[in-house]
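In listed order, ligands and their atoms are each counted from 1.
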Amino acid sequence: MQDTSILDRLRQGLCSSSAQETAAIAAELAAALPPDCTLALHGDLGCGKTTFVAGLAKGLGIAAPVTSPSYNLMSLHKGSERMLAHLDAYRLQSAADMDALMLEEFLHSPYCIALEWPERVQEWLPEGCIHLYLVDKGEGRRLIRIE
Ligand SMILES: Nc1ncnc2c1ncn2[C@@H]1O[C@H](COP(=O)(O)OP(=O)(O)OP(=O)(O)O)[C@@H](O)[C@H]1O
Ligand SMILES: [Mg+2]
């Protein structure tokens, strides 16, 4: 048993040495998320944002594979206890583009919105949004941190 919560450990910063480890950290976080939450996943191309969401999905009891939603912008998944909306804002330019997706029409509580490239739609991000940063440290290592 861990003596500090995953949220606290992520606030300190966790180092992952593999894609599997990143997914495992995300799966652990899944169980600690507040009821309706938005997770802004920051990080450069290929640093592991989608990998993180795949772990999150696994932790939420979602069996379907999580792939990059770059082309369809949004994927919705039904978990055992909450739904997961996975979005990639890479090709979006403004909060209006996010509004146009009418995400709220598809959301029901409890949910988690996992958003890649959140800086593209910064004005859209809801209050209380959790900002998570993935930094490539080379050789398969990633620093994962919540701010
Ligand atoms: N420690 C690690 N954590 C996460 N991914 C890792 C790690 N080490 C290596 N990788 C590899 O890095 C790649 C991360 O790809 P992924 O699609 O998750 O990144 P992304 O941030 O979503 O990229 P994009 O900006 O294109 O959406 C995968 O090929 C994964 O196997
Ligand atoms: Mg991605």
Side-chain angles (χ1 to χ4, degrees), residues 2 4-34 36-80 82-107 110-126 128-147:
Q2 303 286 352
T4 40
S5 77
I6 181 69
L7 276 164
D8 285 341
R9 284 185 290 134
L10 279 167
R11 282 188 196 107
Q12 311 251 312
L14 285 177
C15 192
S16 154
S17 305
S18 66
Q20 291 73 13
E21 199 177 333
T22 295
I25 290 167
E28 194 181 345
L29 175 64
L33 290 171
D36 295 325
C37 75
T38 299
L39 204 54
L41 297 162
H42 302 264
D44 292 338
L45 270 173
C47 72
K49 300 179 293 297
T50 300
T51 302
F52 193 91
V53 179
L56 210 53
K58 197 167 176 215
L60 294 173
I62 293 159
V66 166
T67 52
S68 176
S70 296
Y71 297 97
N72 55 348
L73 292 172
M74 169 164 82
S75 312
L76 299 170
H77 304 274
K78 190 169 181 289
S80 49
R82 76 164 83 203
M83 69 176 296
L84 173 67
H86 179 198
L87 290 98
D88 190 323
Y90 189 71
R91 286 178 178 73
L92 302 186
Q93 274 152 31
S94 66
D97 289 344
M98 277 298 281
D99 290 337
L101 294 175
M102 298 201 299
L103 178 57
E104 66 280 6
E105 300 289 323
F106 304 103
L107 284 180
Y111 60 79
C112 171
I113 299 171
L115 176 62
E116 300 188 38
W117 295 102
E119 41 287 296
R120 298 280 201 273
V121 293
Q122 202 147 2
E123 329 82 77
W124 176 85
L125 298 176
C129 170
I130 298 172
H131 291 273
L132 187 138
Y133 294 80
L134 289 132
V135 182
D136 191 339
K137 295 287 187 184
E139 291 157 0
R141 289 175 304 128
R142 304 289 191 271
L143 177 64
I144 309 176
R145 187 172 41 90
I146 282 177
E147 262 182 19

For ligand 1, which atoms sit closer than 4.0 Å to a heavy atom of [X]?
X	answer
Gly140	1 (N), 2 (C), 7 (C), 8 (N)
Leu45	25 (O), 26 (O)
Arg142	1 (N), 2 (C), 3 (N), 6 (C), 7 (C), 8 (N), 9 (C), 10 (N), 11 (C), 12 (O)

How close do [X] and [Y] get, heavy atom to heavy atom, and via which atoms?
X	Y	result
Met83	Phe106	CE-O, 3.5 Å
Thr22	Gly48	CG2-O, 4.3 Å
Val121	Ser94	CG1-O, 3.5 Å
Ala89	Leu115	CB-CD1, 4.0 Å
Asp44	Lys49	O-NZ, 3.0 Å

Checklist outcome for this item: Nearest non-hydrogen contact to atom 30 (C) of ligand 1 from the set Gly55, Ala19, Gly46, Cys47 belongs to Ala19
Checklist entry - Hey, does Ser16 come in under 3.5 Å of ligand 1, counting only N/O atoms on both sides? => result yes
Checklist entry - Can you check whether Thr51 has an N/O within less than 3.5 Å of an N/O in ligand 1? => result yes
Checklist entry - So, is Tyr90 placed with an N/O/S atom under 2.8 Å from the Mg ion (ligand 2), counting both backbone and side chain? => result no
Next on the checklist: So, 2.8 Å as the limit: is an N/O/S atom of Asp88 located closer than that to the Mg ion (ligand 2)?
Outcome noted: no
Next on the checklist: Assess whether a salt bridge exists between Arg11 and Glu147, defined as any Lys/Arg side-chain N lying under 4.0 Å from an Asp/Glu carboxylate O.
Outcome noted: no
Checklist entry - Is it the case that His42 and Glu116 place a side-chain donor and acceptor less than 3.5 Å from each other? => result no
Checklist entry - Should Glu21 be listed as contacting ligand 1, given a heavy-atom distance under 4.0 Å as the test? => result no
Which segment of [X] sits under 4.0 Å of ligand 1 when only heavy atoms are counted:
X	value
Trp117	side chain
Thr22	side chain
Ser18	backbone

Checklist entry - Is Arg142 reaching over with its side chain to a backbone N or O of Cys47, donor-acceptor style, under 3.5 angstrom? => result yes
Next on the checklist: If I consider every N, O or S atom in Glu116, which one ends up closest to the Mg ion (ligand 2)? I only need its name.
Outcome noted: OE1
Next on the checklist: Check whether Tyr111 forms a cation-pi arrangement with Arg82 (NZ or CZ under 6.0 Å from the six-membered ring centre, at most 45° off the ring normal).
Outcome noted: no
